[in-house]
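Here the structure is a predicted model, which means the values were calculated and not measured. One-based numbering, in listed order, for ligands and for the atoms of each.
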Amino acid sequence: QNLKMMYTSHYAPDLVIKNDDLAQIMDTSDEWITQRTGIKQRHISLKENTSLLATRVAKQLLEKSGWDVESLDIIVVATMSPDAYTPATGAIVQGNIGATNAIAFDISAACSGYIYALSIVESMMKNLNFKRGLIIGSENLSKILDWKDRSTAVLFGDGAGGTLVELSDQEDSKILSSDLKTIGSKSEYLTAGETKTLETFPTNVPHNFKAFQMEGREVYSFATREVPKSILRAVKAAKIDLEEVDYFLLHQANARIIKQVAKKLKLDEDKFPINIDEYGNTSAASEPILFDELVQSGRIKRGMTIAISGFGGGLTVGTHIIRY
Ligand SMILES: O=C(O)C1CCN(c2ccc(-c3cc(CO)ccc3Cl)cn2)CC1
């Protein structure tokens, strides 16, 4: 049995903050942000937390598919900005949409979260004889950023993207191969939300929540080194040639990184779509948002072979080769 990507959808909050808006509140410029990242604007959530962004995507997917919500067997939300330690954002979504027959939980793999979630859902659906699943990448990064740190605050945005998947006997559409890798020795390079306290019986819980921090140069070089390797491992495992991949959907962390990966693989940049200009870096939401935009625009068609890669906090990297 094979996992088939059935429907895609995405949602970004209405408030759009342009680079010039940020230049009003911190020492940065549209020119610097555009040149160094490719970002022109980002969506910022004022009232919708991570579960609400994810719930909108879930409702859009149920609308688009016509599926009965009670036919869902599993819901996984990939996020590094959950509503809370508990309940899981996925469980909140399950309650919001009334998917009473679905088990629901979160996974935490930062910008590779959607990629890792796809593998977890595929394995659990095959093992537990599930039929239908919902995977959502959802982030409220604006709530965990240090808005005084211009080196990171300008890079991120809020949003959610999701996919309805179905286990099917058909051979036409499936995950051809998966490559997942974690380098925990470099985990300190990208952190957020660490709660430190030295008190034995702390009186003020939660302790001082630590905002997002990143060793940009280290993460940047990790990405340009590890992403091409992950793609090559996945292509080899799929027993196809690199040239047979129609599109490479890379985590939208930085436009220059995406171009550098294309160059390293000696492939045409047209095969590496970029929408970071519109959304900024939305971490776990970035791959499913890009995937939906390419399906909706008709650039990705049934029968095509796509590579979808995530990379970031952990540090983690992962690639699926999917025959769509
Ligand atoms: O050019 C410059 O000076 C700077 C150099 C540093 N840059 C970076 C560095 C790392 C990331 C990044 C972030 C995540 C987190 O989701 C995941 C994956 C990556 Cl590769 C994004 N930008 C921005 C431009």
Side-chain angles (χ1 to χ4, degrees), residues 19 22 26-40 42-43 50 78-82 107-117 137-146 149-161 181-184 186-194 210-231 248-264 272 274-277 279-290 308-319:
N19 292 344
L22 293 180
M26 66 179 76
D27 179 14
T28 186
S29 72
D30 176 39
E31 206 259 339
W32 189 93
I33 299 171
T34 305
Q35 288 296 314
R36 306 297 288 256
T37 72
I39 300 165
K40 295 298 289 174
R42 71 282 296 145
H43 296 253
T50 303
T79 184
M80 62 180 271
S81 53
I107 78 116
S108 170
C111 319
S112 307
Y114 177 79
I115 306 298
Y116 279 49
S138 182
E139 300 287 7
N140 245 273
L141 297 176
S142 59
K143 308 300 172 285
I144 65 170
L145 292 173
D146 174 356
D149 173 9
R150 68 179 180 171
S151 74
T152 52
V154 304
L155 305 178
F156 298 96
D158 301 340
K181 183 177 171 94
T182 301
I183 304 182
K186 297 177 186 282
S187 62
E188 281 309 296
Y189 291 151
L190 201 161
T191 62
E194 188 184 345
K210 279 187 68 183
F212 185 94
Q213 280 183 305
M214 177 174 72
E215 291 299 326
R217 217 182 312 284
E218 294 291 348
V219 180
Y220 193 107
S221 60
F222 158 83
T224 51
R225 187 176 55 253
E226 293 298 333
V227 173
K229 285 166 37 181
S230 177
I231 290 170
F248 294 81
L249 278 56
L250 266 51
H251 167 46
Q252 300 290 299
N254 182 287
R256 291 162 57 221
I257 288 178
I258 295 169
K259 292 187 169 70
Q260 240 169 298
V261 170
K263 189 157 170 263
K264 270 197 172 180
F272 293 75
I274 292 178
N275 69 359
I276 195 171
D277 49 311
Y279 297 99
N281 179 340
T282 56
S283 189
S286 104
E287 295 98 290
I289 289 172
L290 183 66
I308 187 163
S309 296
F311 50 95
L315 300 181
T316 55
V317 61
T319 299

query = Can you find a pair of side-chain heavy atoms, one from Lys181 and one from Val317, that are under 4.5 Å apart?
reply =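 Result yes, sub-4.5 Å side-chain heavy-atom pair found.
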
inquiry  = Hydrogens and angles aside, do Glu139 and Ser283 bring a side-chain donor and acceptor to less than 3.5 Å of each other?
reply    =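 Result is yes, a qualifying pair exists.
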
Ligand 1: protein N/O within less than 3.5 Å of ligand N/O:
unit_1   : atom_1 : unit_2 : atom_2 : d
ligand 1 : 1 (O)  : Arg36  : NE     : 2.9
ligand 1 : 1 (O)  : Arg36  : NH2    : 3.3
ligand 1 : 1 (O)  : Arg256 : NH1    : 3.0
ligand 1 : 3 (O)  : Arg36  : NH2    : 3.0
ligand 1 : 16 (O) : Asn281 : ND2    : 2.9

query = Pairs in or reaching into residues 216-225: which pass salt bridge (Lys or Arg N to Asp or Glu O under 4.0 Å), with residues at least two apart or in two chains?
reply =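 Pairs touching residues 216-225 that pass the test: none.
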
key: Partners meeting side-chain hydrogen bond (donor to acceptor under 3.5 Å, both in side chains) with Thr182 (sequence neighbours left out)   =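 Listed in chain order: Tyr116.
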
inquiry  = Restricting to side-chain contact (heavy atoms from CB on, under 4.5 Å), what partner residues turn up for Ser286, sequence neighbours left out?
reply    =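 Partners of Ser286 by the side-chain contact (heavy atoms from CB on, under 4.5 Å) criterion, ordered by chain and then number, come out as His251, Gln252, Thr282.
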
key: NZ/NE/NH1/NH2 to OD/OE distance under 4.0 Å, Asp158 and Arg42   =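 No, Asp158 and Arg42 are not salt-bridged.
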
